[in-house]
Amino acid sequence: MKITVIGVGNVGSAVSQRIVNGGIARELIMLDAIEGLAKGKALDLQHTTPIKGETKIKGTTNYRDTKNSDIIVITAGKPRKEGMTRDDLAKGNAEIISQISQNIKKYNSKSKIIVVTNPLDPMTWQTYKKTGFPRKQIMGMAGELDTARYEKLLSKKTKISPEDIHGLVIGPHNKSMIPLTENTTIRGIPLNKFLNQKQTKEIVKETKKSGKKIVNYLQNGSAYHAPSAAIYKMIKTIARDEKRLLSVSTVLKGEYGIKNTAIGIPVIIGKDGIEKIPQKHLNQKTKQKLQKAAKEIKKTNKKLNTNQ
Ligand code: NAD
């Protein structure tokens, strides 16, 4: 496996460390617009390899080094600061994604791309449009992070290990995200056997606010430990061809009555990227919420001139 991480700030560094610790890549390319940052962080990580793993690591600003990457993670761009929404980042980060996409496609055609930059769903669509890669190769990471946050909150409330809680959060990576409470179980036992409606609603509210809460604490940046864990889960699923059902921002072509945008839905991930889109049965209300959220994302895409 050759893995490239583009943008080695907080999230990019954290995921690079997981890649090295996981021993999953033969080669890791760490690319950033800031030369010293890429080279310095790569050298720091190289010093961990005598202790853990044998990954060949290089820090660079040159896209030629990314040639024939199996997986490319895009974590470049501005994060939120206190008082900002993810959508406030759209214009600036869209320009960054556009430039990165042009460079990726000069040296790669088969790479599976994991987009992380916010606002996540418009940036996933932007990457799809600007690389021209097939949709199965373009995956936005957010649903696995939002699901982890939802499951952790449920675990705290029920006082049951998060390992036994099976939830799924779909939809956009913003306050309209959709935790599927009706499908959530604790080892197969429906959630409503553990929590009443009011308690469940409170968990949904808290899940939506999780990212903001961290931004408010940090004041000058956003979360990166849990995001890097969720990205690594996707990398591992592709690298080991695990065929897992993950919540991934995916370009839709009519599924769930939605097309020409990316939004979080459950898909099967394996060595080829998005290998199947099993159309999960959603109740009418949830389907409407998903469609309404997709319309909002399209408005952002339109402002960024990527709606075609
Ligand atoms: P950061 O500021 O710590 O790092 C961003 C890095 O990108 C910097 O090192 C910067 O030099 C680099 N960069 C900027 N423009 C570049 C370019 N054109 N080419 C290469 N590198 C470039 O930010 P962070 O906290 O690591 O967050 C990165 C992005 O990920 C943000 O947009 C943030 O909102 C997003 N994010 C998304 C999720 C999610 O769930 N999808 C979670 C956390 C963060």
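The first residue of the sequence shown is numbered 1, and numbering continues consecutively from there. In each ligand, atom 1 is the first atom listed, and ligand 1 is the first ligand listed.
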What do you reckon, does N10 have a nitrogen or oxygen under 3.5 Å from a nitrogen or oxygen of ligand 1? yes

For atom 39 (C) of ligand 1, which of H173, M84, K41 has the closest heavy atom? H173

List every atom of ligand 1 that sits less than 4.0 Å from any heavy atom of L37, numbering the atoms from 1 in the order shown and giving each element. 9 (O)

Need the ligand 1 atom indices (1-based, order shown) with element for anything under 4.0 Å from a heavy-atom of L145. 40 (O)

Just by distance, no angles: are the side chains of N216 and K213 close enough, under 3.5 Å, to form a donor-acceptor pair? no

Could you walk me through whether I72 and K112 pass side chain to side chain contact (heavy atoms under 4.5 Å, CB included), step by step? CA-CA 6 Å; I72 297 177; K112 269 65 71 183; over 6 Å; no

Please report which non-hydrogen protein atom sits nearest to atom 36 (N) of ligand 1, along with the residue it belongs to and the distance in Å to one decimal place. N118 ND2, 3.5 Å

Considering only the protein, which heavy-atom contact is closest to atom 32 (O) of ligand 1, and what is its distance? K78 O, 2.7 Å

Quick one, Y63 with I100, criterion side chain to side chain contact (heavy atoms under 4.5 Å, CB included). Give me CA distance, side-chain angles, the key distance, then yes/no. CA-CA 9 Å; Y63 278 84; I100 289 172; 3.3 Å; yes

Under the side chain to side chain contact (heavy atoms under 4.5 Å, CB included) criterion, do I277 and I265 qualify, and how do the steps go? CA-CA 8 Å; I277 305 183; I265 54 154; 3.5 Å; yes

Closest to atom 24 (P) of ligand 1 among protein heavy atoms sits V11 CG2, 3.8 Å

If you have a sec, work out which protein heavy atom is nearest atom 2 (O) of ligand 1 and how many Å separate them, to one decimal? P79 CD, 3.5 Å

Identify, for atom 12 (C) of ligand 1, the protein heavy atom at the shortest distance, and state residue, atom and that distance. D32 OD2, 3.3 Å

Would A33 count as a polar contact of ligand 1, with the cut-off being nitrogen or oxygen pairs under 3.5 Å? yes

For N93, counting its heavy atoms only, list the atoms of ligand 1 lying under 4.0 Å from any of them. 32 (O)

Starting from the C-alpha separation in whole Å, work towards a yes-or-no answer on side chain to side chain contact (heavy atoms under 4.5 Å, CB included) for I269 and E242. CA-CA 7 Å; I269 300 287; E242 287 174 339; over 6 Å; no

Is there at least one pair of N or O atoms, one from Q99 and one from ligand 1, spaced under 3.5 Å apart? yes

Polar proximity ligand 1 side, R80 side, N/O cut 3.5 Å exclusive: no

Check contact between A223 and ligand 1, using heavy atoms of the residue and a distance below 4.0 angstrom. yes

Decide, yes or no, whether a salt bridge links K243 with D241 under the criterion of side-chain N to carboxylate O below 4.0 Å. yes

Regarding ligand 1, does V116 bring an N or O atom to under 3.5 Å of one of the ligand's N or O atoms? yes

For T75, take its heavy atoms, then give the atoms of ligand 1 lying under 4.0 Å from any of them. 5 (C), 28 (C), 29 (C)

Should K136 and D272 count as an ion pair when the cut-off is N to O under 4.0 Å? no

Per-atom filter on ligand 1: closer than 4.0 angstrom to a heavy atom of L120 are 41 (N)

Candidates A76, G143, G9; heavy atom nearest atom 22 (C) of ligand 1 found on A76

Salt bridge or not between E35 and K39? Use side-chain N to carboxylate O under 4.0 Å. yes

Test of proximity, I34 against ligand 1: N or O pairs below 3.5 Å: no

Once side-chain contact (heavy atoms from CB on, under 4.5 Å) is applied, do any residues pair with R18, and if so which ones, sequence neighbours excluded? S228, A229, Y232

Quick one: look up the protein heavy atom nearest atom 41 (N) of ligand 1 and list residue, atom name and how far away it is. M141 O, 2.8 Å

Residue, atom name and distance, where the atom is the protein heavy atom closest to atom 15 (N) of ligand 1: I96 CD1, 3.6 Å

Modelled atom types, side-chain donor and acceptor of N283 and T286, under 3.5 Å: yes

Short list, please: which atoms of ligand 1 are under 4.0 Å from a heavy atom of P227? 42 (C), 43 (C)

I want to confirm something. Looking only at heavy atoms, which of G77, S222, P119 is nearest to atom 5 (C) of ligand 1? G77

Distance-only side-chain donor-acceptor flag, T261 / N301, under 3.5 Å: yes

Please determine whether a side-chain nitrogen of the Lys or Arg among E255 and R135 lies less than 4.0 Å from a carboxylate oxygen of the Asp or Glu. yes

Answer yes or no: is there an ion pair linking E95 with K91, defined by an N-O contact shorter than 4.0 Å? yes

I'd like to know if the side chain of D121 pairs up with that of S249 as donor and acceptor (distance under 3.5 Å, no hydrogens or angles considered). yes

